[in-house]
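Written below as structure tokens is the structure these notes are about.
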There are 2 protein chains.
Amino acid sequence: MARTESNVDRLYDALRRMATDFSFKPDARINESALATQLNASRTPIREALNRLVAEGFLTFQSGRGFFCRSLSPELVMDLYEARVAVEVESVRLAARRGDERDIAILMQELEDIAPDYTSEADTEALLAMDERFHTQLCALAGNAELARMLANLNDRIRYLRLIDLRRLQAIGPHGQTMVSAHQRILDAIARRDADGAMSEMRAHIERRREGATQAVRDAYAQLYVPEH
Amino acid sequence: MARTESNVDRLYDALRRMATDFSFKPDARINESALATQLNASRTPIREALNRLVAEGFLTFQSGRGFFCRSLSPELVMDLYEARVAVEVESVRLAARRGDERDIAILMQELEDIAPDYTSEADTEALLAMDERFHTQLCALAGNAELARMLANLNDRIRYLRLIDLRRLQAIGPHGQTMVSAHQRILDAIARRDADGAMSEMRAHIERRREGATQAVRDAYAQLYVPEH
DNA sequence: TGATGCAAAGCTGTATACAGATATGAACGC
DNA sequence: GCGTTCATATCTGTATACAGCTTTGCATCA
């Protein structure tokens with residue numbers, strides 16, 4: 001039988017999920033005792049998980065006052081997307097230079113297979129997951145664990161923004177095809193070992209979404225401050 | 001009177017210092033009780049600090065077995081330096097595009113002022129601090145807190161390698177001037193708003209040190225496994 | 001001699017208690 | 001009505017205790 005996930009991991013996962021989807025409202029103080037009761041644990045392991053989340057940028061901490069949900073300013077969104085550019089542009093450069101031929105082929109096949117799902121655009125969350133998965137796999141082609149780790153962190157922190165952004169896109173009109181072809185252009189450049197091409201495609205792709213995301217953060221504020229969601 | 005630093009901050013700083021300069025030996029298990037006695041605290045705040053260090057990549061954690069000092073493989077060094085390239089190359093790009101004219105001038109002046117100290121190369125640790133400071137300030141020109149944060153983390157994690165690398169450089173011959181002029185070329189490119197020039201100078205500058213650092217890690221192993229240092 | 005199993009020691013995971021700091025709200029004065 | 005002060009309640013910071021898991025070292029056996 002598989003090893004049961006340890007309790008602190010369970011707490012960490014739960015808390016990170018709460019932080020990423022803003023079950024905590026921005027800037028709100030986090031009550032440790034309440035969390036402990038809610039998650040059926042004592043304060044000690046809860047605080048350990050919270051400390052990790054602070055280090056990862058999901059929460060902030062003020063000595064003597066406790067833990068707080070991070071705020072979400074347009075400036076932070078800008079910073080996070082620029083950081084994504086830094087990580088992902090270099091990743092595709094490395095991928096174009098040394099990505100495994102077979103892995104690239106697999107990724108291209110996979111992209112083609114799920115293209116219909118992109119364009120059908122039934123479920124925004126599924127679309128988000130596909131988008132994120134593609135970027136993660138692309139980064140994996142570079143074979144650099146640190147870049148992968150940085151991207152994973154950034155993805156977690158902007159997930160909610162991406163969701164709101166995608167919802168906006170879908171409301172405007174069908175955009176699944178646009179996303180698929182952007183992804184395909186990046187991957188094609190990598191396949192033909194065109195590092196510069198891949199880099200500029202990736203940069204353009206992310207920057208295109210940056211403005212959408214800064215707009216999304218304003219929408220997000222509206223959606224965040226409802227009683228419960 | 002200034003607010004006294006909280007105890008957990010003190011512990012965190014102490015532990016991070018121990019992790020960065022490898023007072024813990026790579027892959028060694030960390031005994032919480034011993035640390036608690038040594039640092040005059042109980043295990044609870046120690047564990048909170050350790051959890052943060054795990055999230056920051058200084059330590060690893062295995063459920064049920066505890067905390068371990070990270071290992072230092074040539075692959076990890078490679079990854080960290082490539083991540084530095086990602087962060088710093090994009091930073092100088094942004095700095096060239098939007099860095100404040102006045103800040104750039106200040107940095108140029110400062111670089112000129114301390115050039116003699118670089119070349120005298122008396123103290124390797126001082127040289128290291130100057131190098132790190134320059135890169136940090138350069139990154140600050142980009143005005144992106146996330147990139148700055150990522151770089152700060154990377155700097156902490158490679159500090160020891162940089163030290164060993166610099167020692168090797170100094171042993172071979174005088175290299176302070178080489179470093180100064182590399183820094184000056186990057187800054188000059190930024191000053192004339194030449195983003196591409198700044199990017200390729202920065203890339204070359206970091207990659208030049210990458211091989212030195214992977215060699216340094218082998219030397220580091222030799223220096224790490226002496227009884228105490 | 002080398003492998004295996006077992007018992008003891010040590011360490012981690014977490015609940016709990018309590019001291020001290022911080023936030024809250026009521027009472028009071030302006 | 002509005003700000004101030006103080007008492008109260010709440011929450012954080014950390015020590016400590018203890019259960020359960022891991023490791024270690026010894027003894028046994030092939």
Side-chain angles (χ1 to χ4, degrees), chain A residues 1-19 23-71 225 227, chain B residues 1-19 23-71 225 227:
Chain A
M1 174 176 164
R3 188 186 183 313
T4 62
E5 190 182 46
S6 82
N7 190 36
V8 69
D9 287 342
R10 178 182 66 83
L11 294 174
Y12 171 77
D13 289 343
L15 290 169
R16 195 180 53 174
R17 197 158 19 245
M18 291 169 84
S23 297
F24 307 124
K25 289 174 188 160
D27 281 325
R29 187 220 218 104
I30 290 169
N31 187 326
E32 299 169 13
S33 309
L35 271 184
T37 314
Q38 183 184 339
L39 296 174
N40 226 49
S42 76
R43 282 176 53 223
T44 312
I46 296 270
R47 280 178 64 98
E48 293 195 6
L50 291 174
N51 270 290
R52 282 202 219 179
L53 292 167
V54 168
E56 290 169 346
F58 294 106
L59 303 174
T60 61
F61 173 77
Q62 289 178 49
S63 179
R65 301 196 52 224
F67 298 87
F68 296 80
C69 186
R70 72 189 187 283
S71 64
Y225 287 125
Chain B
M1 175 177 167
R3 189 182 180 318
T4 62
E5 192 180 46
S6 82
N7 190 36
V8 68
D9 286 342
R10 177 183 68 82
L11 294 174
Y12 171 76
D13 289 342
L15 290 170
R16 194 181 53 174
R17 199 161 14 249
M18 292 168 85
S23 299
F24 308 123
K25 287 173 188 158
D27 281 325
R29 187 222 216 101
I30 290 169
N31 186 325
E32 299 168 13
S33 309
L35 271 184
T37 315
Q38 184 184 338
L39 295 174
N40 226 50
S42 76
R43 280 176 54 221
T44 312
I46 297 268
R47 280 178 65 98
E48 293 196 5
L50 291 174
N51 269 290
R52 281 203 221 180
L53 292 167
V54 168
E56 290 169 346
F58 293 106
L59 303 174
T60 61
F61 173 77
Q62 288 179 51
S63 180
R65 302 196 51 223
F67 297 87
F68 297 80
C69 185
R70 72 188 187 283
S71 65
Y225 287 123

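Below, chain A is the first sequence line, B the second, and so on; all start at residue 1. Note that these values count all heavy atoms, side chains included, but never hydrogens, waters or copies made by symmetry.
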What's [X] touching, base or sugar-phosphate or nothing? Going by heavy atoms closer than 4.0 Å.
X     : answer
A/I30 : sugar-phosphate
A/R43 : base
A/F67 : nothing

Quiz item: Heavy atom of residues 32-42 of chain A under 4.0 Å from DNA chain C: which residues?
Solution: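 Close to the strand are A/A41, A/S42.
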Measure [atom1]/[X] against [atom2]/[N] and give the value in whole Å, please.
X     : N      : atom1 : atom2 : answer
B/N51 : C/dG13 : CG    : C1'   : 11 Å
A/F68 : C/dT22 : CZ    : C1'   : 11 Å
B/E48 : D/dG13 : CD    : C1'   : 8 Å
A/L50 : D/dC11 : CG    : P     : 15 Å
B/Y12 : D/dG13 : OH    : P     : 16 Å
B/Q62 : C/dC11 : CD    : P     : 17 Å
A/I46 : C/dG13 : CD1   : P     : 16 Å

Under 3.5 Å donor-acceptor, [X] side chain and [Y] backbone:
X     : Y     : result
B/R52 : B/Y12 : no
A/T37 : A/S33 : yes
B/R29 : B/R65 : yes

Practice problem: Report the distance from atom CZ of B/F67 to atom CG of B/N51, rounding to the nearest 0.5 Å. | Solution: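 Answer for the CZ-CG pair, B/F67 versus B/N51, is 4.0 Å.
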Exercise. Starting at CZ of B/R16, measure out to CG of B/L50 and round the result to the nearest 0.5 Å.
Key: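 Nearest 0.5 Å value for the CZ-CG distance: 13.5 Å.
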Self-check item: Heavy-atom side-chain contact between A/D27 and A/F68 under 4.5 Å
Solution: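 A/D27 vs A/F68: side chains apart.
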Quiz item: Should B/R43 and B/E48 count as side-chain neighbours, where that means a heavy-atom distance under 4.5 Å?
Solution: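 Answer no - side chains too far apart.
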Self-check item: Candidates C/dT14, D/dA15, D/dG13 - which lies nearest the side chain of B/P45
Solution: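 Minimum distance to the B/P45 side chain belongs to D/dA15.
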Practice problem: Could you please name the option among D/dT23, D/dG13, C/dG13 that lies closest to any side-chain atom of A/F61? | Solution: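 Selected nucleotide: D/dG13.
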Exercise. Report yes or no: is there a donor-acceptor pair, N or O only, under 3.5 Å between the side chain of B/T44 and the base of D/dT16?
Key: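 Under the 3.5 Å cut-off, the side chain and the base do form a donor-acceptor pair.
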Practice problem: Answer yes or no: does a side-chain N or O of B/R65 lie under 4.0 Å from OP1 or OP2 of C/dC11? | Solution: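 Looking at the OP1 and OP2 atoms of C/dC11, neither is under 4.0 Å from any side-chain N or O of B/R65.
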Practice problem: Respond yes when some side-chain nitrogen or oxygen of A/N31 is under 4.0 Å from OP1 or OP2 of D/dT10, and no when none is. | Solution: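 No, because none of the side-chain N or O atoms of A/N31 sits under 4.0 Å from OP1 or OP2 of D/dT10.
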